[in-house]
Amino acid sequence: MLEVAKFCCVFYVFLTTLVPSESLQCSSNVNCRCREVQGKLFANCANLHLPSAPLFSDDVVGINLANNVISIFPSNLPKHIVHLDVSKNNLQKIENTSLSNYTALQNLSIASNYLHMVELDSLRDLSNLQRLDISGNQELTLEVLFNISKDLQNSSTIRILNFENLQCTYGVSFIIKKYHTAYLKHTHLEELNLASNRISSLELGVLTELPRSLKHLDLANNILSFGLYLVEIGDLQNVVSLNMSFQATFHQIYTKDFFSLCNDTRPDLKTESHSELSKSSSTSLSIFRGTQNFSIFIPPKLERLYFHDNLYKMVLQDYVFKTVGKPVLTHIFMQNSIVYRLNGPLKGIESVRYVDFSNNFCSYISPRFFEDFPNLSHLDLSHNALGENLESDHKGEIFQRLYRLTSINLARNRIVQLPDNIFRNLNQLKTLNLRYNSLSEFSLPLKHMTKLAHLDLSYNQLLVLDEETRHALDYISKQRKINVNLLGNRFKCDCENLKFIQWMHNAKGINFVNFGNYTCTFSNFSQPSTQIPFTKMEDLLQGLEKQCSSYTLVILMMTSLIIVVMTTVLSRIVYRYRWKLRFMYYVAREKYRDNVQRADVIGESSYCFDAFVSYADKDRRFVIDLVKRLEKEYNLKLCIHHRDFIPGTDIADNITNAIHCSRQTVCFITSHFIESYWCMFELNMARMETVYSRNGENVLFLVVLEKGAIKKLPRSFMDLIESKSYLDFPEGGDSDEVTAFRSKLGDTLNSPDGDFNGLHRNV
């Protein structure tokens with residue numbers, strides 16, 4: 001903000017940007033780069049790790065020794081040196097004789113060293129000094145103000161003083177007393193930087209005694225509390241910029257900070273008596289006490305007020321700003337703080353043209369807040385929570401008096417919708433920023449904004465711009481070119497939006513920002529929810545126009561209705577006869593493939609197996625052992641999937657082949673069997689075989705290995721349970737009962753007629 005932040009090495013710009021003369025030598029160190037600028041010789045010896053300064057020719061007027069390891073202030077420099085930079089070295093002390101030989105110095109930087117003392121009279125002889133940068137020496141503390149101000153009290157040339165960061169980042173707060181700066185009163189100082197010093201307050205009278213010539217005052221990054229010193233700000237007669245930002249801001253903690261010798265407990269200098277309050281401060285104080293409403297006194301020439309990035313939690317109430325004469329304040333920066341309500345009204349600052357209230361957690365603006373901002377042209381309210389507040393302003397009272405507003409930023413305010421009258425009086429508006437909100441529609445009247453040049457509606461939830469808005473933008477574009485940003489919205493490529501897409505394609509006076517990155521969602525039966533980029537606008541329009549013709553729409557609707565009805569009916573039929581259809585499909589496929597010889601009349605010679613055995617894999621050991629016994633003792637040929645299925649053939653094909661080629665099908669019922677998809681498939685296929693291929697002959701029976709498992713079968717198998725066509729495995733595992741079970745099962749499988757009715761009763 002202030003030029004004070006740049007002054008420390010004004011001449012360094014020349015040293016680092018101009019092309020060096022290879023033949024030019026001005027120092028005893030060959031690594032020093034010498035340059036001639038406008039007939040004057042400058043030497044750049046920065047970043048050379050020098051422990052001391054080399055020798056220089058007498059005609060050198062500027063020397064840069066920054067970022068070396070010099071620990072004692074050099075005494076062998078040319079006497080007529082004008083610019084000197086010894087910042088970022090290891091200097092620890094400036095003695096009263098260190099600078100006595102350099103009376104021509106105009107610019108001096110001793111910033112970022114390890115100074116713990118600047119002796120009195122060190123700068124007394126520098127009658128030509130214009131800029132002094134002593135910042136970044138945290139062991140000095142602001143007590144050094146006294147010595148420096150006293151040394152410079154008779155200086156008519158000093159313009160810039162930089163005392164930034166002379167206090168440690170962490171430690172006790174500091175109060176600036178009158179004696180610290182009293183000797184500066186009669187200088188012609190223009191810029192004073194006191195930032196980053198943990199200043200909590202200023203003694204009453206400090207601001208009043210500052211020189212009248214002061215134009216820029218920087219008090220940023222401190223811990224200023226509200227106090228009576230605020231009434232003296234108005235006495236800064238010529239200050240044009242005041243920086244009070246970053247108050248009470250959190251600072252990152254670093255271990256090295258705990259080892260700095262900060263001298264925070266250095267005793268105050270008592271050599272100077274503290275004078276009484278000046279008449280001006282007393283007058284201000286009396287005015288302050290006699291005012292009923294809170295008044296803020298501002299310097300009469302103040303143009304820019306920086307009060308941003310503060311951690312003060314506040315509500316802006318009905319404050320009155322007062323000054324001598326007509327106010328000239330034009331810019332107010334209050335972003336990134338915690339100003340959560342703007343109640344107002346703020347009086348006495350009708351000259352303000354630029355206001356930044358962004359990122360303040362603000363959720364409310366009073367209809368009266370902006371009533372005394374007649375000249376406001378730029379307003380930034382982005383990154384707040386004003387959505388509900390603006391949505392309820394149906395009469396458009398919040399911004400109604402901002403007749404000269406040309407730019408308003410309402411991005412990221414959680415705005416869902418805006419009332420029609422919200423911007424009713426903003427006839428001079430050129431830029432309207434509503435990006436990153438939640439607008440699902442934008443139908444505000446825009447025709448009165450004849451100067452609108454930038455409309456940003458990007459990253460909202462817009463599906464379309466309505467016809468009235470499109471007409472308004474067309475009307476404005478006939479008078480001037482307008483930039484519209486609609487990127488990141490949820491446009492749809494459908495018949496309802498066809499006219500909107502055609503409008504964007506055909507608009508001549510409207511520039512759609514980042515148009516090539518726009519997309520819309522195209523949905524049809526073949527490619528649902530396809531993102532179409534607007535780079536293919538011609539193809540998109542052709543497809544939509546064809547799709548959206550009237551007869552096509554009618555046919556599409558009728559076809560859709562027929563398809564829905566037919567699909568519903570067919571689905572119910574297929575579901576009801578799903579097992580029959582599957583059985584018929586597999587049998588028909590095998591028949592046409594001629595994999596198995598079929599006979600029109602089914603007899604004994606047509607079967608490859610006496611029985612197909614269906615079981616769950618977890619019951620495998622028991623079943624296979626039983627199968628081996630049955631095959632050996634009863635001379636049976638049984639089919640089991642672990643042994644007899646054809647490798648490489650589909651599982652369903654193997655199952656239907658096995659059932660169709662077996663005289664009987666035996667299912668060993670357990671809970672594992674019922675939970676298995678393929679076991680239930682085999683059970684259903686066997687049942688279909690019984691009904692449709694064996695003329696109703698019962699060739700399916702069940703062997704229940706687990707008590708209670710039969711009750712878990714689906715209701716569709718109740719006929720098997722009721723007909724007792726199943727065999728229970730004996731409980732307890734008695735050998736005689738198991739033998740009888742195996743004998744009964746073997747006799748049943750050997751039975752040529754395959755009659756299993758009453759099987760359970762006969763066990």
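- Around the OH atom of Tyr312, the shell of radius 6.0 Å holds more than 12 heavy atoms that belong to other residues, nucleotides or ligands.
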- request: Please lay out, stage by stage, how Arg353 and Asn375 fare under the test side chain to side chain donor-acceptor pair (under 3.5 Å).
  value: CA-CA 6 Å; Arg353 292 185 283 107; Asn375 294 300; over 6 Å; no
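- Comment: Lys185 engages Glu209 in a salt bridge, judged by a side-chain N to carboxylate O separation of less than 4.0 angstrom.
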message: Does Asn511 form a side chain to side chain donor-acceptor pair (under 3.5 Å) with Asn483? I'd like the steps, not just the answer.
response: CA-CA 5 Å; Asn511 174 38; Asn483 297 308; 2.8 Å; yes
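- Closest heavy-atom contact between Leu342 and Leu316: CD2-CD1, 3.7 Å.
- The aromatic ring centroids of His180 and Phe174 lie less than 6.0 Å from each other.
- Within 6.0 Å of atom CZ in Arg424, more than 12 heavy atoms from other residues, nucleotides or ligands are found, so the atom counts as buried in its surroundings.
- Side-chain contact between Asp420 and Pro445 is present, with at least one heavy-atom pair separated by less than 4.5 Å.
- Counting heavy atoms from C-beta on, the side chains of Phe423 and Ile408 come closer than 4.5 Å.
- When all heavy atoms are compared, the tightest approach of Leu386 to Ser363 is CD2-C, 3.7 Å.
- When all heavy atoms of Ile482 and His454 are compared, the closest pair comes out as CG1-N, 4.4 Å.
- Environment of OH in Tyr364: crowded, with over 12 heavy atoms of neighbouring residues, nucleotides or ligands closer than 6.0 Å.
- Looking only at distances, a side-chain donor or acceptor of Asn222 sits under 3.5 Å from a matching main-chain atom of Ala220.
- In the displayed structure, Glu388 atom CD is contacted under 6.0 Å by at most 12 heavy atoms of other residues, nucleotides or ligands.
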- request: Take Asn384 and Asn360 through the test side chain to side chain donor-acceptor pair (under 3.5 Å) and record every step on the way to the result.
  value: CA-CA 6 Å; Asn384 283 293; Asn360 268 305; 5.1 Å; no
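- Relative orientation of the Phe370 and Phe373 rings is perpendicular, given thresholds of 30° and 60° on the angle between their planes.
- In this structure, the side chains of Leu473 and Leu446 come closer than 4.5 Å at one or more pairs of heavy atoms.
- Here the side chains of Leu142 and Ile199 are in contact, with some heavy-atom distance below 4.5 Å.
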query: Checking side-chain contact (heavy atoms from CB on, under 4.5 Å) for the pair Phe399/Asn425: CA distance, chi angles, key distance, verdict?
result: CA-CA 8 Å; Phe399 306 121; Asn425 289 336; over 6 Å; no
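- For the atom pair CD (Gln317) and CG (Asn343), the distance works out to 5.0 Å, reported to the nearest 0.5 Å.
- Atoms CG and CG, from Leu444 and Leu439 in turn, are 8.0 Å apart once rounded to the nearest 0.5 Å.
- Using modelled atom types, one finds a donor on one side chain and an acceptor on the other under 3.5 Å when comparing Asn107 with Arg131.
- The aromatic rings of His378 and Tyr354 sit parallel to each other, their planes meeting at less than 30°, with 60° as the upper class boundary.
- Across every non-hydrogen atom of Gly136 and Leu166, the tightest pair is N-CD2, 4.1 Å.
- A donor-acceptor contact shorter than 3.5 Å links the side chain of Tyr518 to the backbone of Val513.
- Taking every heavy atom of both residues into account, Phe500 and Leu486 meet most closely at CZ-CD1, 4.3 Å.
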message: As a quick check of understanding, evaluate side chain to side chain donor-acceptor pair (under 3.5 Å) for Gln461 and Arg490, giving each step before the final call.
response: CA-CA 6 Å; Gln461 304 295 319; Arg490 301 187 300 120; 2.7 Å; yes
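- Under the 3.5 Å distance criterion, the side-chain polar atoms of Ser135 are left unmatched by any main-chain donor or acceptor of Asn165.
- Without hydrogens or angle criteria, Ser196 side chain to Glu164 main chain gives no donor-acceptor distance under 3.5 Å.
- Looking at His216 and Val240, their side chains come closer than 4.5 Å, going by heavy atoms from C-beta outward.
- For the residue pair Asn137 / Asn113, no side-chain donor-acceptor distance below 3.5 Å is found, with atom types taken as modelled.
- What you find for His308 and Gln335 is that their closest heavy atoms are CB-O, 3.2 Å.
- The main-chain N or O of Ser458 is found under 3.5 Å from a side-chain atom of Asp456 such that the two form a donor-acceptor pair.
- Checked by atom type, the side-chain pair Arg159/Gln130 shows no donor-acceptor distance below 3.5 Å.
- Between the side chain of Ser366 and the backbone N or O of Arg368 there is at least one donor-acceptor pair closer than 3.5 Å.
- By the 4.5 Å heavy-atom criterion applied to side chains, Leu346 and Phe321 are counted as neighbours.
- No side-chain N or O of Ser241 forms a donor-acceptor pair with one of Arg304 less than 3.5 Å apart.
- One N or O on the side chain of Asp356 and one on the backbone of Ser358 form a donor-acceptor pair closer than 3.5 Å.
- Looking at Leu381 and Ile365, their side chains come closer than 4.5 Å, going by heavy atoms from C-beta outward.
- Side chain of Ser213 to main chain of Leu189: a donor-acceptor pair is present (N/O by atom type, distance under 3.5 Å, no hydrogens or angles).
- The distance from atom CD1 of Ile158 to atom CG of Leu129, rounded to the nearest 0.5 Å, is 4.0 Å.
- Checking side-chain atoms of Glu371 against main-chain N and O of Arg401 turns up no donor-acceptor pair under 3.5 Å.
- To the nearest 0.5 Å, atoms CG (Leu210) and CD (Glu232) are separated by 9.0 Å.
- Counting heavy atoms from C-beta on, the side chains of Leu405 and Leu429 come closer than 4.5 Å.
- Between the side chain of Asn221 and the main chain of Ala195, no donor-acceptor pair closer than 3.5 Å is present.
- When the shell of 6.0 Å around CZ of Arg404 is examined, it contains 12 or fewer heavy atoms from other residues, nucleotides or ligands.
- Between Tyr436 and Tyr459, the gap from one ring centroid to the other is short of 6.0 Å.
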